[in-house]
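The chains referred to below are lettered A, B, ... by the order of the sequence lines, with proteins before strands, and numbering in each begins at 1. Computed from a predicted structure; not experimentally measured.
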Amino acid sequence: MLAEELFALFKRRGVLWPSAEIYGGAQGLYDYGPSGLALKRKVEEAWVGWFLGLSSDYYLIDPAELLPEAVVRASGHLENFADLEVVCEKCHTASRADALLEEHGVTNAEGLRVEEVSALLAEKAIPCPRCGERALSVPRPFNLMFSVEFGAVGRERAYLRPETAQGSYLSFARMWEVGRKQLPLGLAVVGKAFRNEIAPRQVLFRMREFTQAELQIFFDPESFSVPLEKVKDLSLPVLRAEARARGETEATGTAPSDLVAAGLPAFYVYHLAQEFRFFTRVLRYPADRLRFLEKNEKERAFYNRIHFDLEGDLPSLGGFRELGALHYRGDYDLGRHSQGSGTDLSVTTATGRHVLPHVLELTFGVDRNVWALGDLHLSREGPGTPGEEEARTVWKLPAHLAPTPVAVLPLMRKEHGPTAEALALSFREAGIPATVGLTASIGKRYAREDELGTPFCLTVDATTLADGTVTVRDRDTRKQERRPMEGLPEHLRPAFFLPRPWKTA
RNA sequence: GCGGUCAUAGUGUAGUGGUUAGCACGCAAGCUUCCCAAGCUUGCAACCCGGGUUCAAAUCCCGGUGACCGCACCA
């Protein structure tokens, strides 16, 4: 499905749409509607359930979204704030525009506006300081953070967090006590992050305001043991950096033990495997559309010692796109914040050693995965058997993620409507959201529910009034079975359970 | 940010200076209908925003906003 088609469907069915539409829209901002939000929340809930399920020492916290300036100074996010950067189109060297101008005789270049700097660069035909070509790009602001005034006199400054992870680092000292001084300690955050992207693109993949789910695992590098045997039978689609350097483009199914033998730490491989299980078992992406792509030294941030992106092959966006990532960040984060805050964040372990904990970061793009769930699970069914000529769209979402678990459809509105309402109510009383579809023909109502991924349609008919049974229709097979209304919520409930990592099924 | 293409009901589209702005799907009300987008009746709903040219602009020009593709960017 093309991106435009998928987005048109999302807009039409109230999944999501461009923000501020009535003002012509705003780049990189999107609003979720009821079904999109229901899906998004289920995805978040599934993510939390899965990754917190890895250890009882992993916690979900909700830190502030505004970061005082000192925090982003320490984290490194503030470096080069407010200056303009130009890039040489020939040799790709980035330079500070104000520094270049001053070298060429412009005084007070620092403070100039973008347009002024741009005009001066063009006027003076300044060449690239490295290769000498006159191929400099236009200047652009380097820092991607949104800043806000802070405090009564507006003297202080804060920033909308560019990633949720910082709040976990800031909370480490407090949570070390709350968590009773255990390593590894995991801190998960699900929430908004903000980046002033220069060129938002591709709908939910480059947004200015987006939702991340991130788990920071703090650990002692000398004693982080993991139950690798639990994932030993998996075959992980991995494309290593050195294989890419050799020109390989296909991921290779690799056993976790082989990755460890190839030099990756067991703790890293274990979490890679759990990530893979999450994507295949919870989100139910086809394994052959996933790969772990190792970033090379140039591509990854300098503090990342090991970095694999988990990518999904998305037809709508023309290929593999990042949906999550695992970063082994060493002790960079706690080191920076120890220095920046003056608070020593090193801890004493059970063995009596002093250690500045290392961090393994698991990141997950919630919005991107909402998109991917549409791309990878929406199915165009061709014209079926005679009498069912029309093509239809079925969103084959896993039942445990479906925005509407159950729809109750009275075959005849007047005769069967009240029974349908009562049945839907019994589901809601059991904690399972259920809607009632009254209008249009039964076929059209099935089609509507299929398009929004409702896994079960319960149909009330004349037989229902006689014997208290309804038909239960399976979205994907369209097969129906007749069951008593009595006890039906409990019968269907297991289909909505969110998978947990300790279950092997 | 640069270059190219584009912007008409909820969705997809027709409309090359004068149209009651057409069509399909959709949605709603009613009739009919005992199971997969059926049928009939009635109804709803659009020219992205701001300037300009013209007797007259959805249509031509300028600016803005937004979308798509390519480049760059993604700390």
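Which of C35(B), C74(B), A28(B) sits closest to the side chain of Leu411(A) comes down to C35(B). For Val203(A), whose side chain is taken as the heavy atoms from C-beta onward, the closest listed nucleotide among C34(B), C68(B), A37(B) is C68(B). The listed nucleotides are C35(B), A28(B), A67(B); the one nearest the side chain of Gln480(A) is C35(B).
Note on ring orientation: taking the six-membered ring where Trp is involved, the planes of Tyr268(A) and Phe308(A) are tilted (angle from 30° to 60°). Between Tyr169(A) and Phe218(A), the two ring planes are perpendicular [angle over 60°; tilted spans 30° to 60°]. Ring pair Phe456(A)/Phe496(A) is perpendicular by interplanar angle, where above 60° counts as perpendicular and below 30° as parallel.
Residue Thr439(A) is classed as a sugar-phosphate contact, given heavy-atom separations below 4.0 Å to backbone atoms only. Looking at heavy-atom distances under 4.0 Å, Lys414(A) makes contact with sugar-phosphate atoms alone, never a base. Within 4.0 Å (heavy atoms only), Ala8(A) reaches sugar-phosphate atoms of the nucleic acid but no base atom. Heavy atoms of Arg445(A) sit nowhere under 4.0 angstrom from any nucleic acid atom.
Partner assigned to U33(B) is none, using Watson-Crick or G-U wobble distances below 3.5 angstrom. Pairing for A72(B) is absent, with no Watson-Crick or G-U wobble pair whose two atom distances lie under 3.5 Å. The partner of A58(B) is absent, by the rule that a Watson-Crick or G-U pair needs both atom distances under 3.5 Å.
At a non-hydrogen distance threshold of 4.0 Å, Arg12(A), Gly24(A), Gly25(A), Gln27(A) from residues 10-29 of chain A come into contact with RNA chain B. Of the residues in residues 309-334 of chain A, not one comes within less than 4.0 Å of RNA chain B through any heavy atom.
The nearest whole Å value for the distance from the CZ atom in Phe302(A) to the P atom in A75(B) is 12 Å. In this structure, Ile442(A) atom CD1 and U33(B) atom P are separated by 16 Å, rounded to whole Å. Regarding Lys444(A), its NZ atom lies at a distance of 14 Å from the C1' atom of U11(B), rounded to whole Å. Atom CG of Leu9(A) is separated from atom C1' of G26(B) by 13 Å (rounded to the nearest Å). Here the C1' atom of nucleotide A75(B) and the NE2 atom of His307(A) are 13 Å apart, to the nearest Å. Between the CZ atom of Arg413(A) and the P atom of U33(B) there is a distance of 16 Å, rounded to whole Å. Distance Leu438(A) CG to A29(B) C1': 14 Å, rounded to the nearest Å.
Comparing the C1' positions of U41(B) and C35(B) gives an interatomic distance of 25 Å, to the nearest angstrom.
Across the interface with RNA chain B, nearest-nucleotide mapping of Thr463(A) and Glu163(A) shows Thr463(A) to be the residue nearer the 5′ end. If Ala3(A) and Val470(A) are placed on RNA chain B by their nearest nucleotide, the residue sitting closer to the 5' end is Val470(A).
Stacking of Arg478(A) on the aromatic ring of Tyr446(A) is not recorded, the 6.0 Å distance cut-off and the 45° axial limit not both being met.
In this structure, Glu481(A) places its CD atom where more than 12 heavy-atom neighbours from other residues, nucleotides or ligands lie under 6.0 Å away.
For Arg206(A) against C73(B), a side-chain-to-base donor-acceptor contact under 3.5 Å is present.
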Expected list for residues 405-423 of chain A: side-chain donor-acceptor pairs under 3.5 angstrom, two or more places apart:
from: His416(A); atom 1: ND1; to: Met412(A); atom 2: N; distance (Å): 2.8
from: His416(A); atom 1: ND1; to: Met412(A); atom 2: O; distance (Å): 3.4

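No side-chain heavy atom of Leu39(A) sits less than 4.5 Å from a side-chain heavy atom of Glu44(A).
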